[in-house]
Each structure stands twice: as structure tokens, then as C-alpha cells.
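To start, the structure itself, in C-alpha cells.
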Amino acid sequence: MRFAAWGGCRRRAALATGRGNPLGAPFGSREAILQALGDPLSREILLLLNQSPRPASELLRSGSISQSTLYRRLGRLRQAGLIAVQRSIITEEGKKLDLYRSLVSDVDVSLRGSTLEVRARRRDLSAERLADLWDEIRRGGGR
Amino acid sequence: MTGPYTETLLLGSLVLLLAIAVVGGWIAYRAGVAYRARRTRPMLFLGAGLFVIAVGTPGLWTATYLVTDNLLWCSLMAFGGLLVGLILVLSSLRTRGV
């Protein structure tokens, strides 16, 4: 189901609010999404989070960027409603770790006549969470 | 309802309910073990929800029947149990926290 669509300056607010999002994160404006997609680093982060949920530390390892830059980009992507914390886990050292995940499975940006449209398809995070919980039950809580 | 198949139907329903209670209870127990290992809220909600649905609801139905002997109350209590269980299971999918 397509959840966000804009035509020219007329924003369809109902479609942009992201209602029904399991994480309750609203989708950002078209400008925020386009800005996030226009930045190569944000794009790279989004592509990584589209593959699987990852903690910030892993994202930090995959690129030569500083921690502050990474968290700034993560903040922008979260504001645009493109990513969210899927779940938090406790490591064996007792440290809380947030796993980020892309909220969209695909995004289409199209120019038709005089209108620019941004359409995104929502990822079903509830199904992924249920699968995660089921895996954990089968393993008895171990890693 | 009376007839030659009534007893078979009742017995079959009881066996099915018992099977659901055993399987659901076992999964809820496993979820409890997983919760003890990690102490995560989603696992707690899932385990509690499954337990309420699989074991709590039939137990509530039986207890209400024994106490009130009123099938309407039994149905209402079972419905309430299922609703609470469903809310708990759905909460486990919405809760991201530890």
C-alpha cells in the first residue's frame, strides 16, 4: 500500500502522516525525504538499514565517518520518517543497543509534467518483530 | 442440542481445547525462559499474551461455569480473556524497548 504521495505544492496531509506505522513515527515532508535521499552518506546508511537492522556501532564501522556525523544523519533520516529504532537489545556486557531499521521497502521519486511525486512503500516491521521473537523463543533467549 | 454426535462433539472440543492449552502453554513457557535470559518487555508481553489466550481463557471459562453456572457469563469472561491476551500479543509487536 502506498502511504505517501504529493502532487506539486498540494500536500495530501492524510497520506503524509504515516498512520498505522507500527513504530508511530510519522513520515516527514517531501523536502525532508528528498534531502535525505540527496545526501550520499544518508543514502548509504538507508541502503544498509534496508538490508537488515543494524546498531549505530556497526554503521560506524562500515564507513569512515565520525560518530557525530553518523548520529546527525540518523537524526535526519528519522525526521524524514525513513528509519526508526526497530528494537533495543541488551548486549552480554549489559549495554543497551538500539537496532535501526529502514521503514520503507522502496521509494519512487518521479517527475510528471509539472508535479514531483515521492511515493514510498512501508515495510512490515511487525512481521519482522514477530519472526525475531519466535527465533528468540526457539533459542530459549540465548544468542 | 441432543443427538448421537453430541458427546463426540463435546469430547472433541474438549480435546482440542486441551491441545491448544498444552501447545500454547508450552510456547508461553518457552517465552518465559527467553524472558528470564534477556528481560525484554516484548518477550514478556508475548509470553503473557499467549498464556492468557491458551491457558487463561479456558481456565476462566471453566471457573466461571463452576461458580455461576451461567453460560452467558462464561462467554463474556472468555471474550475478556481473549481480548486481554490479544492486546498483550499486539503490544509485544509494538514495543521496541528492552
Side-chain angles (χ1 to χ4, degrees), chain A residues 3 17-27 49 52-57 74-75 77-79 81-104 122-143, chain B residues 14-62 78-98:
Chain A
F3 64 81
T17 54
R19 264 185 206 161
N21 181 343
L23 295 167
F27 292 100
L49 297 178
S52 62
R54 289 165 206 259
S57 54
L74 287 175
L77 286 166
R78 281 178 83 164
Q79 271 187 337
L82 294 173
I83 65 162
V85 175
Q86 185 182 12
R87 65 194 178 107
S88 303
I89 56 167
I90 300 282
T91 62
E92 277 163 10
E93 297 84 39
K95 200 175 158 192
K96 182 173 169 271
L97 213 60
D98 288 335
L99 294 179
Y100 292 91
R101 181 70 159 136
S102 157
L103 282 177
V104 287
R122 185 187 305 283
R123 179 186 301 284
D124 189 358
L125 284 187
S126 295
E128 287 189 6
R129 279 183 172 169
L130 188 61
D132 284 347
L133 286 170
W134 183 246
D135 271 353
E136 212 173 315
I137 288 173
R138 288 179 66 186
R139 282 184 276 115
R143 280 187 181 279
Chain B
L14 277 174
V15 168
L16 195 64
L17 273 177
L18 198 66
I20 290 170
V22 168
V23 173
W26 173 247
I27 297 172
Y29 167 73
R30 295 282 301 171
V33 171
Y35 170 69
R36 274 210 305 253
R38 291 284 192 83
R39 302 262 164 200
T40 55
R41 262 182 294 167
M43 191 57 81
L44 175 68
F45 288 158
L46 184 67
L50 286 175
F51 184 80
V52 169
I53 288 172
V55 183
T57 303
L60 207 59
W61 193 97
T62 311
F79 175 74
L82 283 175
L83 197 66
V84 170
L86 189 67
I87 288 169
L88 282 168
V89 170
L90 290 177
S91 300
S92 75
L93 301 179
R94 290 183 68 91
T95 310
R96 74 166 199 212
V98 174

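By the side-chain contact (heavy atoms from CB on, under 4.5 Å) test, B:Ala48 is found to be paired with B:Leu88, residues two or more places apart in sequence or in another chain being considered. With sequence neighbours excluded, the residues that form a side-chain contact (heavy atoms from CB on, under 4.5 Å) with B:Leu90 are B:Leu86. Here B:Trp26 pairs with B:Tyr29 under the ring pair (Phe, Tyr, Trp, His ring centres under 6.0 Å) rule; sequence neighbours left out.
Note that the CG atom of B:Leu46 and the CZ atom of A:Arg129 stand 12.5 Å from one another [nearest 0.5 Å]. A:Arg87 contributes atom CZ, which lies 8.5 Å from atom OG1 of B:Thr40 (distance to the nearest 0.5 angstrom).
Scanning residues 49-60 of chain B against chain A with a 4.5 Å heavy-atom cutoff picks out nothing at all.
Pairing each heavy atom of A:Arg138 with each of B:Arg30, the nearest pair is O-NH2, 3.2 Å. When all heavy atoms of B:Met43 and A:Ile137 are compared, the closest pair comes out as SD-CG1, 3.6 Å.
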